[in-house]
Amino acid sequence: MKASANFFFILILTLFCSQTCIINLPSVGAIISMKPGDELNHSQVLDSEGGKFKLGFFPIPQTGNYYLGIWYAGDPQGKKLWIANPNTPILNNSGLLTIDTIGTLKITSGGKTVVNIAPPLLTGSLIARLQDSGNFVLQDETRNTTLWQSFDHPTDSLLPGMKLGYNLTTMQNWTLTSWLSITIPASGAFTLSLESIQDAVQLIIRRRGEVYWTSGTWRNQGFPFLTALNDSSNRYRYNLNLVSGKDGVFLQFDAPEGSFPSLELSSNGAILGGGEDRRVYALYNEFCYGYENEDGCFTSQLPQCRKDGDKFEKKSGDFIDRSNTNFYDNSSIGLGDCMQKCWEHCSCVGFTTTSNGTGCIIWNGNGEFRVDESGNTVKKYVLVSSNSSKGNQKTWIWIVIVLAIVIPSLISGFICYIIVRRRKLQDEKRKEEEYIRELTASDSFNDTNLKEKDGREVQDLKIFSFGFILAATNNFTSENKLGEGGFGPVYKGKFPDGREVAVKRLSRTSGQGLVEFKNELILIAKVQHTNLVRVIGCCIHGDEKMLIYEYMPNKSLDFFLFDPERKKLLDWQKRYEIIEGIAQGLLYLHKYSRMRVIHRDLKASNVLLDENMNPKIADFGMARIFKQNETEAVTGRVVGTYGYMAPEFAMEGAFSIKSDVFSFGILMLEIVSGRRTTSLQQFDRPVNLIGYAWELWREGCALELKDPALGDLCDTKQLLRVIHVGLLCVQENATDRPTTSDVISMLGNESMPLPTPKQPAFFTGRNEAESNSSTIKAEQCSVNDCSITVIEAR
């Protein structure tokens with residue numbers, strides 16, 4: 001009996017010791033750092049210093065593709081928090097993470113480079129580590145300095161300590177991009193960024209570049225439409241911290257220990273918060289429809305067939321009429337794109353995606369839907385109309401009671417309304433007359449005073465009545481809307497004589513007051529040139545101000561230049577003609593008009609195209625007039641568009657004709673490359689177009705800047721000369737830049753020798769040590785195309 005007891009004691013002790021040993025064994029195939037020459041394959045993981053995070057290859061079961069990612073070590077869901085190759089999957093398990101002999105961190109497969117994660121860092125003491133914050137870093141071990149980090153290249157998730165925002169000095173932009181679907185980490189439809197608009201800091205979600213949702217302005221350590229994040233009653237409370245300075249602004253958060261905190265931008269555009277039970281926060285409804293504003297959804301123009309209250313509900317079942325079904329087998333669109341397609345097509349009554357979350361199946365018809373109570377049928381998003389709910393007798397009784405109380409109040413209220421309305425109309429009329437008196441008080445409008453039945457005409461400009469403009473634009477209907485500018489929407493109008501015009505309706509919140517409005521009118525009245533847009537008149541109604549321009553049927557240059565399909569209509573000859581036309585218009589403003597004019601906001605969206613695709617410079621709201629003996633000025637009110645502003649203007653408020661030359665140089669590089677100045681983010685290249693063009697020029701590869709849409713049918717010598725002149729225009733020192741007349745001479749005279757350009761402004765390149773030794777070409781990947789205004793938003 002005693003022997004038997006001893007046997008069981010020894011057995012239990014053996015099992016306990018063996019279990020303890022198993023628990024304390026390190027992860028199979030786990031390593032804690034990498035140096036040049038080391039490799040990490042699909043069966044290995046890189047552990048963080050304290051074992052909190054892991055980095056390694058993982059497959060997507062539905063596709064078999066492999067990706068390199070980071071995840072919490074103890075998270076039962078295994079949610080991936082960062083992906084190194086979201087848009088470049090590996091087709092099998094042959095992927096290797098390695099650091100080559102020149103310090104390039106990259107993924108290879110079958111001996112070929114799949115993606116360069118970090119540029120060549122050229123240091124003999126390079127080491128890669130995964131920190132316990134979840135930050136994958138490359139460090140100089142000797143100097144203990146970080147040379148590259150994954151926190152500067154976020155994907156769809158934000159971890160404690162990561163930044164969301166921007167830095168104007170380093171041109172760093174920290175933005176989240178959603179996955180295409182819950183199983184495919186390729187870049188999806190939504191982006192989340194932190195932006196500062198007129199000193200109001202807020203989070204903005206965009207869908208395919210259009211504003212979709214806003215958090216409201218930051219105040220009291222939180223955002224109005226993200227109250228769940230800092231709710232003290234929530235066990236996963238997020239402590240938000242906003243850091244703002246002259247260089248930029250960014251948001252960070254920290255969370256309690258013991259959880260798996262993260263903020264995730266989901267594939268359907270929602271912000272999700274995570275803890276031990278993952279995805280505990282859905283911060284607003286699954287979709288934004290355009291009629292909401294109380295939860296942060298951006299208010300927009302509703303399709304004619306939709307109304308407030310219409311929405312999609314997820315239901316299990318089938319549509320009774322399945323004869324009219326459309327399939328969109330497009331692997332690059334996700335759930336948010338399908339919702340938008342269905343919402344904008346009046347016949348659509350429901351939709352869903354394919355099994356992997358991409359592509360669309362859209363049902364049209366009468367909308368009859370048979371619900372499957374068992375819940376076994378694939379769920380679909382079904383349109384539920386705001387008037388579809390059945391009324392009942394009790395509802396009508398309440399309606400009668402309410403009406404009996406309200407009607408007497410309405411009668412007395414109507415009388416008060418008539419009195420208040422009459423006073424308001426009188427005030428509006430008085431304010432309108434004051435505006436017109438101030439506007440016409442300028443010496444610029446004292447020469448002539450013509451009159452017409454449709455409005456008062458001042459010199460070459462007419463002041464139209466509001467009713468006349470309403471009739472011309474068909475009451476500003478959505479069908480007449482041409483687009484949304486920095487100062488408000490633009491509508492197409494048609495006068496009784498058949499003349500077509502464009503009406504810019506200035507938003508009350510645009511920031512353009514009477515001074516800018518008057519400035520633009522006076523300027524365009526005085527300057528007339530074939531490459532400048534012509535303003536016909538204006539309209540003032542109460543607080544509203546409108547400008548009426550000649551109609552440009554081909555919209556603006558950016559409408560063609562940055563669209564993958566429309567840019568094909570711009571061959572090299574047409575692009576060169578556009579460059580010449582812009583230069584001629586700019587030369588007229590700088591030298592040959594009745595006054596010297598500095599535009600201060602020259603960019604692709606401010607170059608309009610007529611029916612023959614001839615360019616016309618527009619939007620003179622920010623322009624400044626110089627006296628003939630003036631060459632430059634300084635202002636404390638810096639306005640313009642990020643990416644186009646000259647450094648002396650952005651940093652010191654100093655502007656001159658050389659400021660416009662700088663913007664024109666950016667515009668030339670955009671026309672050659674077909675890329676926005678802020679659209680580049682490359683691992684071993686600069687993050688902006690100027691830097692990219694500069695490095696290609698230094699390496700003798702300037703022709704690589706050419707837009708692939710141009711093909712081989714272009715004058716290579718002429719194209720290279722345009723790049724050369726463009727780099728001369730964006731030099732950091734204003735005195736080094738050519739004048740506009742110099743630019744025209746350089747472009748038109750091929751025999752004229754060109755000086756060697758100096759390093760451009762806002763250039764963010766690789767380490768100086770690598771500049772003479774590295775010849776590795778970068779792989780391009782897109783980032784959010786975000787228009788930001790410095791100091792004062794446009």
Side-chain angles (χ1 to χ4, degrees), residues 85 87-88 100 102 104 106 112-120 122 171 557-558 560-565 567-568 570-576 578-579 604 643 664-731 746-747 750 754-768 770-783 785:
N85 56 324
N87 297 302
T88 317
D100 64 18
I102 61 172
T104 304
K106 59 185 179 180
K112 297 181 179 180
T113 299
V114 175
V115 62
N116 289 330
I117 301 175
L122 300 174
M171 309 301 291
L557 178 58
D558 64 331
F560 286 88
L561 190 59
F562 304 131
D563 182 271
E565 294 302 321
K567 68 165 58 178
K568 296 176 183 177
L570 298 177
D571 58 17
W572 173 246
Q573 183 59 36
K574 177 51 65 179
R575 296 193 193 196
Y576 188 74
I578 289 172
I579 290 173
F664 181 52
I666 297 292
L667 198 50
M668 281 196 287
L669 296 178
E670 288 186 326
I671 292 172
V672 168
S673 66
R675 297 164 168 158
R676 295 184 189 274
T677 182
T678 56
S679 67
L680 272 166
Q681 181 180 358
Q682 298 176 321
F683 292 117
D684 67 344
R685 290 287 187 187
V687 297
N688 56 3
L689 183 59
I690 301 177
Y692 183 50
W694 172 249
E695 288 221 344
L696 288 177
W697 175 269
R698 286 197 309 171
E699 296 172 2
C701 305
L703 199 58
E704 292 185 20
L705 190 66
K706 183 182 74 171
D707 188 347
L710 291 172
D712 298 326
L713 300 177
C714 70
D715 187 334
T716 301
K717 184 178 179 181
Q718 192 179 62
L719 184 143
L720 289 172
R721 192 170 185 87
V722 170
I723 295 174
H724 192 155
V725 175
L727 289 172
L728 290 172
C729 291
V730 297
Q731 294 178 102
M746 291 174 180
L747 292 175
E750 294 186 358
L754 301 181
T756 302
K758 299 178 182 179
Q759 180 168 305
F762 298 135
F763 168 68
T764 308
R766 292 170 289 182
N767 292 340
E768 185 179 354
E770 70 173 291
S771 61
N772 296 322
S773 60
S774 175
T775 58
I776 296 177
K777 300 295 183 293
E779 180 177 344
Q780 177 182 335
C781 64
S782 65
V783 295
D785 183 11

Legend entry - Non-neighbouring partners of Asp571 that pass side-chain hydrogen bond (donor to acceptor under 3.5 Å, both in side chains), sequence neighbours left out: none
Legend entry - Sequence-distant partners of Lys112, side chain to side chain contact (heavy atoms under 4.5 Å, CB included), two or more places apart: none
Legend entry - N/O donor-acceptor pair under 3.5 Å between Arg721 side chain and Met746 backbone: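 A pair under 3.5 Å: yes.
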Inset, instruction - Enter the distance from Arg675:CZ to Leu689:CG here, rounded to the nearest 0.5 Å. - result: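 Spacing of CZ (Arg675) from CG (Leu689) equals 7.5 Å.
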Legend entry - Atom pair CD1 (Ile671) and CD1 (Ile579), whose distance is rounded to the nearest 0.5 Å: 4.5 Å
Legend entry - Set of residues satisfying side chain to side chain contact (heavy atoms under 4.5 Å, CB included) with respect to Lys567, sequence neighbours excluded: Arg575, Asp707, Ala709
Legend entry - Leu570 side chain near Ile578 side chain, heavy-atom distance below 4.5 Å: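 Heavy-atom side-chain distance check passes, below 4.5 Å.
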Inset, instruction - Return the set of residues passing salt bridge (Lys or Arg N to Asp or Glu O under 4.0 Å) with Glu750 (not counting sequence neighbours), or none when no residue passes. - result: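 With sequence neighbours excluded, Glu750 shows a salt bridge (Lys or Arg N to Asp or Glu O under 4.0 Å) to no residue whatsoever.
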Inset, instruction - Give, for atom CH2 of Trp694 and atom CD1 of Ile723, the distance between the pair rounded to the nearest 0.5 Å. - result: 13.5 Å
Inset, instruction - Calculate, to the nearest 0.5 Å, the distance between atoms CG and OG1 belonging to Leu720 and Thr716 respectively. - result: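 Between Leu720 CG and Thr716 OG1, I get 6.5 Å after rounding to 0.5 Å.
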Inset, instruction - Might you point out which heavy atoms bring Glu670 and Ala604 nearest each other, and give the distance in Å? - result: OE1-CB, 4.2 Å
Inset, instruction - Measure the shortest side-chain to side-chain distance between Lys706 and Trp572 over non-hydrogen atoms and say whether it is less than 4.5 angstrom. - result: no
Inset, instruction - Of all the heavy-atom pairs spanning Tyr692 and Glu704, show the shortest one and how long it is. - result: OH-O, 4.4 Å
Legend entry - Heavy-atom donor-acceptor pair, Thr104 side chain to Asp100 backbone, under 3.5 Å: no
Inset, instruction - Would you please name every residue forming a side-chain hydrogen bond (donor to acceptor under 3.5 Å, both in side chains) with Asp558, sequence neighbours left out? - result: Ser556
Inset, instruction - Quick one: pull up CG in Asn688 and CD1 in Ile666 and give me the separation to the nearest 0.5 Å. - result: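 Asn688 atom CG to Ile666 atom CD1 measures 7.5 Å (nearest 0.5 Å).
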Inset, instruction - Could you pull out all residues at least two apart from Trp697 that satisfy ring pair (Phe, Tyr, Trp, His ring centres under 6.0 Å)? - result: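 Trp697 satisfies ring pair (Phe, Tyr, Trp, His ring centres under 6.0 Å) with His724 once adjacent residues are dropped.
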Legend entry - Separation of Leu728 CG from Lys758 NZ (nearest 0.5 Å): 10.5 Å
Inset, instruction - Taking the side chain as every heavy atom from C-beta outward, state whether Leu669 and Thr677 have any pair of such atoms under 4.5 Å apart. - result: no
Legend entry - Nearest heavy atoms of Cys729 and Gly665, plus distance in Å: CB-CA, 3.6 Å
